[in-house]
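Below is one structure, written out as structure tokens, with a few remarks after it.
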Amino acid sequence: MPENVITRFPPSPTGYLHIGGARTALFNWLFARQRGGKFILRIEDTDEQRSTDEATAAILTSMEWLGLSWDEGPYFQSRRYDIYNEFIDRLLSSGQAYHCHCSPETLERQRQEAKSKGLKPKYDGTCRNLDLGPAPGSVVRLKTPLSGTTQFNDLVKGPIRFSNEELDDLIIRRSNGSPTYHLAVVADDISLGMTHIIRGDDHVNNTPRQILIYKALGEPIPQFAHLPMILGPDRTRLSKRHGAMSVLAYRDMGYLPHALLNGLARLGWSYGDQEKFSLEELIEKFSLDHVGKAAGVFNAEKLLDLNAWHIRESSDESLAERLRPFLEKEGFVDLDSGKMAAVASILKVRSKTLVDMIEGARFCLSEDIDYDKQGDDKFLKQDVVVLFDKLCGRIEAIAEFNQNGIEKLFAQFLEAEQITLRKLAQPLRVALTGKTASPGIFEVMEVLGKETVINRIKKAIAYIRSKTDG
RNA sequence: GGUCCCAUCGUCUAGCGGUCCAGGAUAUCGCCCUCUCACGGCGAAGACACGGGUUCGAGUCCCGUUGGGACUACCA
């Protein structure tokens with residue numbers, strides 16, 4: 001029998017999508033995709049004070065960039081109050097909920113008293129059996145069982161049970177008429193047909209309360225899977241002070257979405273000794289029972305290495321495409337994509353990020369180059385002028401200006417001059433790229449093209465002469 | 001304070017009672033490759049929090065201790 005899996009990702013639009021949220025989204029997405037089910041996006045924007053349109057937009061952009069496509073939504077909780085009210089009314093009319101007239105001040109006082117006595121602060125049930133009607137300032141509470149236990153079998157943590165005495169009659173409708181978080185979540189998850197709730201384990205303590213709402217409603221209870229938290233290097237919960245934590249920041253630093261997804265997947269989940277996964281493999285191999293229980297520190301170094309690997313694995317063409325926005329930001333608008341692919345092909349083995357790659361590609365992006373101080377001092381010296389001059393002559397004469405032809409030319413030239421490539425390559429590298437580190441010198445020459453190579457060698461000769469004459 | 005969850009190299013983790021004097025990845029350090037930088041190859045160093053059980057045998061099961069974390073709102 002095919003199980004129709006439906007999962008969801010319900011971010012609050014109070015900030016950017018950070019990597020913790022992204023991982024939760026990823027696991028839900030993978031689970032749904034693997035089982036041919038549905039993945040739903042829902043924006044939990046019931047907190048009008050803290051929710052912003054910018055945050056919503058940033059979350060959607062992040063999801064799209066990551067490629068975590070959703071099948072339904074985004075649903076906005078702020079537009080679903082009718083649904084929540086229906087659920088609340090159902091609870092009210094079946095006697096599972098009641099109006100409570102206790103004032104916030106009274107409640108707060110009771111909490112303080114309980115705390116000072118070392119007791120658990122919970123609602124004392126004053127209005128529970130008073131059969132009160134609605135009134136200004138009153139709230140609606142769920143009538144929860146006074147005894148017994150509420151338990152569930154967490155798909156990652158195993159069986160978890162709570163004594164009902166720990167749970168009090170939670171508010172489900174505020175005095176301003178709006179539904180509270182727990183009610184809205186359950187109402188949504190029921191009405192959207194959720195089968196699996198995969199979320200951070202900061203919600204395990206919320207789960208029994210929500211189960212009680214399902215039960216009061218007489219609705220089937222979905223499966224729960226609580227993911228361990230992601231921690232910063234100091235082992236505290238991930239937050240802004242840990243540096244770049246938003247998904248978009250990784251995009252802007254030149255990470256590939258698949259690399260981030262790969263890294264996020266391996267934070268908490270494992271598949272034997274395998275570290276590197278394509279998206280397809282992730283979908284195929286993901287499984288909740290290989291999700292670990294312990295919170296983990298987000299390891300930026302490892303992600304960087306993964307990104308380098310994903311860059312190496314990417315096709316030159318796709319890299320050229322990924323590079324485009326970065327280039328445009330620097331004003332390079334009409335670059336030939338064939339050339340960019342060629343550049344990517346020689347740079348991808350030595351770039352950990354797309355930004356690195358742009359940096360490495362500088363020498364062939366613009367007409368003029370600057371010499372690194374170190375390279376200049378060490379390699380652009382009088383003794384290479386003659387060599388450069390002779391080399392230039394040979395290059396001008398060559399017909400086949402590609403790696404192969406260039407390599408042959410060099411073999412002959414080195415033979416004739418009785419020198420090693422070692423002696424020639426570094427000065428030439430500085431002359432052509434301005435740097436002491438670059439892709440192989442023959443590759444650099446081919447990408448640059450004959451004309452540019454000759455121009456730069458001549459320019460270097462002139463520069464050295466001016467330098468030594470002066 | 002209470003409730004719940006968690007605990008293997010610095011970090012991410014494999015391990016689902018014997019095949020573990022604990023494996024992989026990353027980071028670090030050597031060596032090799034080499035026109036530079038990378039990539040790649042080889043190697044070094046590095047962990048079962050502690051204490052009790054259970055068992056012929058425990059990283060693996062149970063209890064406790066310690067240490068983390070989450071929740072404890074008319075916030076989500």
Side-chain angles (χ1 to χ4, degrees), chain A residues 10-14 44-47 49-51 77 100 103-104 107-108 111 114-122 137-141 154 157-158 160-163 165-168 170-176 178-182 184-185 200-209 226 228-229 231 233 235-237 263 266-276 289-290 292-306 308-309 312 347-352 356 360 375 379 410 420-430 433 435-442 444:
Chain A
S12 304
T14 55
E44 306 208 327
D45 58 346
T46 53
D47 185 346
Q49 299 302 315
R50 298 194 302 146
S51 300
Q77 287 194 322
C100 168
S103 72
L107 263 19
E108 185 55 34
R111 254 196 296 277
K115 264 189 174 171
S116 66
K117 284 186 207 154
L119 298 170
K120 187 183 175 68
K122 49 183 258 191
S138 74
V139 300
V140 175
R141 286 181 186 272
D154 193 282
K157 292 183 187 291
I160 298 176
R161 57 188 300 164
F162 292 81
S163 166
E165 286 157 32
E166 296 297 328
L167 281 11
D168 60 0
L170 70 157
I171 294 174
I172 55 178
R173 178 186 281 158
R174 300 189 186 96
S175 53
N176 68 4
S178 66
T180 56
Y181 166 73
H182 289 296
V185 166
D201 73 5
D202 46 337
H203 283 291
V204 286
N205 290 284
N206 290 155
T207 305
R209 296 177 193 288
H226 287 99
M229 299 267 85
L231 275 22
R235 300 211 73 98
T236 64
R237 196 176 179 164
R266 279 290 289 103
L267 218 192
W269 170 78
S270 63
Y271 188 79
D273 283 343
Q274 187 174 347
E275 298 283 348
K276 289 156 179 168
D289 42 54
H290 281 285
K293 299 178 185 184
V297 173
F298 173 69
N299 188 186
E301 286 170 334
K302 200 164 175 174
L303 179 63
L304 188 61
D305 179 74
L306 259 183
W309 181 80
R312 269 179 261 138
L347 245 24
K348 67 182 180 185
V349 72
R350 60 205 95 219
S351 305
K352 290 186 186 300
D356 277 358
F379 298 112
F410 265 70
T420 58
L421 180 56
R422 195 176 225 107
K423 272 200 88 107
L424 183 57
Q426 280 305 80
L428 191 55
R429 190 184 313 284
V430 176
T433 70
K435 298 186 169 146
T436 52
S438 83
I441 199 70
F442 306 132
V444 166

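Below, read A as the first sequence line, B as the second, and so on, with proteins coming before strands; counting in each chain starts at 1.
The residue A:Gly296 sits close only to the backbone: its heavy atoms come under 4.0 Å of sugar-phosphate atoms, none of a base. No contact: A:Ser163 has no heavy atom under 4.0 Å from any strand. Among the protein residues, A:Asp47 comes within range of the sugar-phosphate backbone only, with heavy atoms under 4.0 Å from sugar or phosphate atoms but none that close to a base. Among the heavy atoms of the strands lying under 4.0 Å from A:Arg235 are primed sugar atoms or P, OP1, OP2 only; no base atom is included. Note on A:Arg50: a base of the nucleic acid sits closer than 4.0 angstrom, heavy atoms only. Using a 4.0 Å heavy-atom criterion, one finds that A:Phe162 contacts the sugar-phosphate atoms exclusively. Using a 4.0 Å heavy-atom cutoff across all strands shown, A:Arg422 reaches sugar-phosphate atoms only and no base atom. Nucleic acid contact class of A:Gly268 (heavy atoms, under 4.0 Å, all strands): sugar-phosphate only. Using a 4.0 Å heavy-atom cutoff across all strands shown, A:Leu267 reaches sugar-phosphate atoms only and no base atom. Within 4.0 Å of A:Val297, counting heavy atoms only, lie sugar-phosphate atoms of the nucleic acid but no base atom. Counting non-hydrogen atoms under 4.0 angstrom, A:Pro228 reaches nothing in the nucleic acid. A:Asn206 comes within 4.0 angstrom of a base, heavy atoms only.
With a 3.5 Å ceiling on both atom-pair distances, the Watson-Crick or G-U wobble partner of B:rC42 is B:rG30. Under the Watson-Crick or G-U wobble criterion, with both distances below 3.5 Å, B:rU55 has no partner in any strand shown. In this structure B:rA47 sits in no base pair that meets the Watson-Crick or G-U test at under 3.5 Å. If you check B:rU11 for Watson-Crick or wobble pairing at under 3.5 angstrom, you find it paired to B:rA25. For B:rU60, there is no paired nucleotide, since no Watson-Crick or G-U wobble pair has both relevant distances below 3.5 Å.
For the P atoms, the distance linking B:rG64 with B:rC6 amounts to 14 Å, nearest Å. B:rA47 and B:rG10 have their C1' atoms separated by 10 Å, given to the nearest Å. Comparing B:rA7 with B:rA14, their P atoms sit 10 Å apart, to the nearest whole Å. Taking atom C1' on both nucleotides, B:rG46 is separated from B:rU28 by 10 Å, rounded to a whole Å. Using C1' as the reference atom, B:rC42 and B:rA49 are 34 Å apart when rounded to the nearest Å. Rounded to the nearest Å, the gap between the P atom of B:rC5 and that of B:rC9 is 23 Å. The same atom, P, is picked in B:rC50 and in B:rU66; the two are 16 Å apart, to the nearest Å. If you take atom P in B:rC39 and the same atom in B:rC21, they sit 34 Å apart, rounded to whole Å.
Side-chain proximity of A:Glu166 to the nucleotides B:rA14, B:rG15, B:rU3 is greatest for B:rU3. Side-chain proximity of A:Lys302 to the nucleotides B:rA25, B:rG1, B:rC74 is greatest for B:rA25. Here B:rC6 is the nucleotide among B:rA76, B:rA70, B:rC6 with the atom lying nearest to any side-chain atom of A:Lys293. Picking from B:rU26, B:rC5, B:rC12 the nucleotide with the shortest atom distance to the side chain of A:Ile160 gives B:rC5. The side chain of A:Ser270 approaches B:rA14 more closely than any other nucleotide in the set B:rC35, B:rG10, B:rA14. Closest approach to the A:Lys157 side chain among B:rC6, B:rA76, B:rA25 is made by B:rC6 (side chain taken as heavy atoms from C-beta onward). Out of B:rG69, B:rU11, B:rA76, the shortest distance to the side chain of A:His182 is found at B:rA76. Closest approach to the A:Asn205 side chain among B:rG24, B:rG10, B:rA70 is made by B:rA70 (side chain taken as heavy atoms from C-beta onward). With distances taken from any side-chain atom of A:Ser438 to the nucleotides B:rA73, B:rU36, B:rA76, the minimum falls on B:rU36. Counting only heavy atoms from C-beta on, A:Glu275 has its side chain closest to B:rA25 among B:rC4, B:rA76, B:rA25.
Taking atom CZ of residue A:Arg237 and atom P of nucleotide B:rA70, one finds them 6 Å apart after rounding to whole Å. Whole-Å rounding puts the A:Met229 CE to B:rC6 P distance at 14 Å. Atom CH2 in A:Trp309 sits about 13 Å away from atom C1' in B:rA25, given to the nearest Å. B:rG24 atom C1' lies 4 Å from atom CG of A:Asp273, rounded to whole Å. With rounding to whole Å, A:Arg209 atom CZ is found 15 Å from B:rU3 atom P. Remark: P of B:rC12 and CG of A:Leu306 are 15 Å apart, rounded to the nearest angstrom. A straight line from NE2 of A:His290 to C1' of B:rG15 spans 11 Å, rounded to a whole angstrom. Atom CD1 of A:Ile172 and atom P of B:rC74 are 13 Å apart (whole Å).
Classification of the A:His203-A:Tyr181 ring pair by plane angle, with boundaries at 30° and 60°, yields parallel.
Judged by atom type and distance alone, A:Arg350 reaches the base of B:rC37 through a side-chain donor-acceptor pair under 3.5 Å.
Around NZ of A:Lys423, the count of heavy atoms belonging to other residues, nucleotides or ligands within 6.0 Å does not exceed 12.
Judged as a side chain to side chain contact (heavy atoms under 4.5 Å, CB included), and not counting sequence neighbours, the contacts of A:Leu231 are A:Met229, A:Arg235, A:Ala295, A:Val297.
The NE2 atom of A:His182 sits 11.0 Å away from atom CD1 of A:Ile171, with the distance rounded to the nearest 0.5 Å.
The side chain of A:Thr46 contributes an N or O atom lying less than 4.0 Å from OP1 or OP2 of B:rA76. The phosphate of B:rU11 has neither OP1 nor OP2 within less than 4.0 Å of any side-chain N or O from A:Arg266.
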